[in-house]
Each structure stands twice: as C-alpha cells, then as structure tokens.
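Take a look at the structure below.
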Protein chains: 2
Amino acid sequence: MATTRIIDDDRLTAVGLLVEVHRGLTNKFAARLARHGLSENELEILLRLGRTPNCQLRMSDLAAQTSLTTSGVTRVVDRLERAGLVTRASCDTDRRGTWAVLTDTGLERVTAAVADHIDDVDRWYTGLLTPEQLAALTEALRIVRDTVRPEAVAGVDAARARPRAEV
Amino acid sequence: MATTRIIDDDRLTAVGLLVEVHRGLTNKFAARLARHGLSENELEILLRLGRTPNCQLRMSDLAAQTSLTTSGVTRVVDRLERAGLVTRASCDTDRRGTWAVLTDTGLERVTAAVADHIDDVDRWYTGLLTPEQLAALTEALRIVRDTVRPEAVAGVDAARARPRAEV
DNA sequence: TAACAATGGTTGACGGCGCAAAATATTGAA
DNA sequence: TTCAATATTTTGCGCCGTCAACCATTGTTA
C-alpha cells in the first residue's frame, strides 16, 4: 500500500494529455457525424476516396492510409456499400484487387458531412488556439507522426488512384 | 465522379495529424504492454488507482476520469480482478458504491509495466522533440483538453479517494 | 412514514474491429 | 507446364466497449 511515486512522470502526463484530447474530440465529433449517418472511420474512408482523381482507391491502399486492418476496411466498405455511398469494382490489371469507388450520392454525403465537421473542428480544436500555437502544435505532431507512422507519409501522396503505383 | 476539390482543408489535416499520431502511438505501445499482459485501458485504470493515497477509487470516479462508460469500467475491473490485480470492496458510507482496490501484486505489475512504458513514450513521443517543442505541444494540448473535456480537469485532482468528494 | 426521483453499479444484447485462416489470383522457377 | 511462393481480399471467431434495461440504495418531499 505504502506511498507510491513512480507513477507520476511528466512524460506520462504528456501522452495522457494527447489521449484525453483525442478522446474528447472524438466524442464531440461523433454526435454531429451521427446526424449524417457516419462514423469517424467511415468519414475518413469517404474522404480518402474523395481526395482522389477518380474517387477510387484499392482496398489495400485504404488499409495502409487509415491504419485499419484490411479486414477492417472490408467491413467499413461493406457498410458504405450497403448504404449506397460506395461501390466495388474489380481491377482489370490485377484481378486480385478491388477498387472502392465513391458514388455520386457518396460524394454528396461526404461533402455535406465535411462542411459540418469542419465547423466542429474549428470550434473544438483549431479555433481555440492562436495561429502560432496551432503552428507549433502541428509541427510537433508532424515530427512524431513521421517517425511513428512513416507509411502514412508516403501513403497520402502515393495514393494516386490512376495507374496504381507499385509499392 | 468529376473533379473534387472540396475536401482539402488545413483544419482537417490538423485533426488528421492528431488522430494519426494517436493511432501510431497506441500501436507502438500495445506490443510492450501486451508483454505485461495489459491493455492501454487496463494500464490507465491501474495507474489511476496507483496514484491514489489508498490505492482505491470508486467505480464511478474511474469512469469519470477515463471516459469509459461505467459499464466499461465494470468490465475492465472484472478482468483485472480475475487477474488478481484489483479487488472490489463495498463502500461503508454508501452501500450502493464499490471501491476498486489495487492489490499488492497489482501495484507490482503496474510499476513494472509503467517503467517499460515510459521508455516507449520517451522513444516514440517526448524524446523526439526539443524541450521547447514539447512544451509548446503540451501547452496547446492542455488548452484544447480544458475545453473539450472539463470534467477530467476537476477529476484528476478531485479524485481524493479518502472521504469521497461530493460532485 | 410513504412515495418517488436520483444515484451507483451490473448485466444482456449488440456492433465494430483485429487476428488468423481461408479463397482467389499472380508471379517465378524448375 | 506445373508447382511453390506471394499478394489481395474476405470470412470465422473472439474480444472489447457501448447502450439500454435493470436492481439496490439514498435523498427528498409531503
């Protein structure tokens, strides 16, 4: 029982803060997203598709970008397809592959959802900080991201949906 | 299908970064925690208990601090109890209430786990930044945390396990 | 004191996601 | 050609945590 003091450490509270902020934001965002019938993961997938020239991406690319498992992506896309926001198309050049393709209604839906979402982001996150604070935050996060999740860095740009870049 | 341009926004990438970092860190941490037989949530609960003078906290307090549901806390504590790291004790002053009490082996376990964990935190997070960068990051996060999750601010300090602070 | 709302905690049903094993397609080598 | 090794996606199973319904206790109001 005695007194314990190992457990208070600055580094620990630093991550703690990050985790708390993440959870807090997630909760704040969830409500409005739900009004659009979307979860955070679903929004992210739709976004990634929407950022692409042809509005399509291969399942494995989605998995790489989102740090969902491929199986996770399968299920999310299942739901989105059932909702009519995405369709699957088989890949001509490699018949193992599958494209997830954003439908027109999918594009409309994500556009509307994102508009609202950005309001929330501004309200609960970026809008709370001075430009300098935000810049510093972003810079620090980018440094951590680059070493903790290097695939994603490549992923964002290398996600050219057209001829399917070899990895 | 057409060309899409709605979807690129600085604010969006700012949250995206936060989410990516969180996921990345979570993944990095999970491996070593698993070697201690703990999940992130389990570690957090043990930590909160360990920080307390009597190594005990009420279920509802744990829920408030961790932003798990009360039912979530019930199940985590179930597991921890099954593992012998925590016991439940009924509360004399309010017989609805239940204390979660850290056992001696629980304290040992969390101490060992935290030591390793801090290494990871330093390696993948705090150690990557200059003191100034870390300070700026922490400050910005704290601002966001305070508005996004005000309960937690009170919670951390008001978590005096002794006579049970009224909320 | 009786009646009833409010609080603390647990339970059952359920959904989301990961892991590992399938199913299918591709590539390379003998 | 044929067979092994590899790559892409899906599926079976199980864990974890939420939601809503529930029981027990406490506080309040009359």
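Each chain gets a letter, A, B and so on, in the order the sequences are listed, and its residues count up from 1. All values reported here derive from a predicted model rather than from experimental measurement. All heavy atoms count here, side chains included; hydrogens, waters and symmetry mates do not.
Taking 4.0 Å as the cut-off between side-chain N and carboxylate O, A:D8 and B:R51 count as a salt-bridged pair.
One atom, CG of A:D92, and another, C1' of C:dA25, lie 14 Å apart when rounded to the nearest Å. Across the protein-nucleic acid pair, A:W99 atom CH2 and C:dA25 atom C1' stand 16 Å apart, rounded to whole Å. Across the protein-nucleic acid pair, B:E44 atom CD and D:dC16 atom C1' stand 15 Å apart, rounded to whole Å. Rounding to whole angstrom units, CG of residue B:L80 and C1' of D:dG17 are separated by 14 Å. Atom CG of B:L38 is separated from atom C1' of D:dC16 by 15 Å (rounded to the nearest Å). The interatomic distance linking B:L62 (CG) with C:dG8 (P) rounds to 13 Å, in whole Å. Atom P of nucleotide D:dT18 and atom CD of A:E40 are separated by 15 Å, given to the nearest angstrom. As a whole-Å value, the separation of A:D78 CG from C:dG18 P is 14 Å.
Using a 4.0 Å cut-off, no side-chain N or O of B:R95 falls inside it from OP1 or OP2 of C:dG9. One finds a side-chain N or O of A:S60 lying less than 4.0 angstrom from the OP1 or OP2 phosphate oxygen of D:dT9. Checking the phosphate oxygens (OP1, OP2) of D:dT9, a side-chain nitrogen or oxygen of A:R58 falls inside 4.0 Å.
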Inset, instruction - Please report the C-alpha distance between B:E40 and A:R23 in whole Å, then the side-chain angles of each, then the deciding distance to 0.1 Å, and finally whether the salt bridge (Lys or Arg N to Asp or Glu O under 4.0 Å) criterion is met. - result: CA-CA 13 Å; B:E40 207 171 350; A:R23 282 181 179 166; over 6 Å; no

Under 3.5 Å, sequence neighbours excluded: what are the donor-acceptor pairs made by side chains of residues 122-129 of chain B?
unit_1, atom_1, unit_2, atom_2, d
B:D122, OD1, B:T126, OG1, 3.2

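Using a 4.0 Å heavy-atom criterion, one finds that A:D94 contacts the sugar-phosphate atoms exclusively. Base engagement by B:T70 is indicated by at least one non-hydrogen atom pair under 4.0 Å involving a base atom. Within 4.0 Å (heavy atoms only), B:T74 reaches at least one base atom of the nucleic acid.
Side-chain atoms of B:E139 do not come within 3.5 Å of backbone N or O of B:A136 as any donor-acceptor pair.
Contact of B:S71 with D:dC19 (side chain to base): a donor-acceptor pair of N or O atoms is detected under 3.5 Å.
Of the residues near DNA chain C, A:R96 and A:V76, the one whose nearest nucleotide (by heavy atom distance) lies more toward the 5' end is A:V76.
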Pairs under 3.5 angstrom, nitrogen or oxygen only, protein versus nucleotides 13-16 of chain C, please.
unit_1, atom_1, unit_2, atom_2, d
C:dA13, N6, B:R75, NH2, 3.4

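In this structure the side chain of B:V144 never reaches within 4.5 angstrom of the side chain of B:R149, judged on heavy atoms.
Judged as a ring pair (Phe, Tyr, Trp, His ring centres under 6.0 Å), the pairs with a partner in residues 25-60 of chain A (not counting sequence neighbours) are, in order, A:F29-A:H117.
No hydrogens or angles considered: a donor-acceptor pair under 3.5 Å links the side chains of B:T105 and B:T103.
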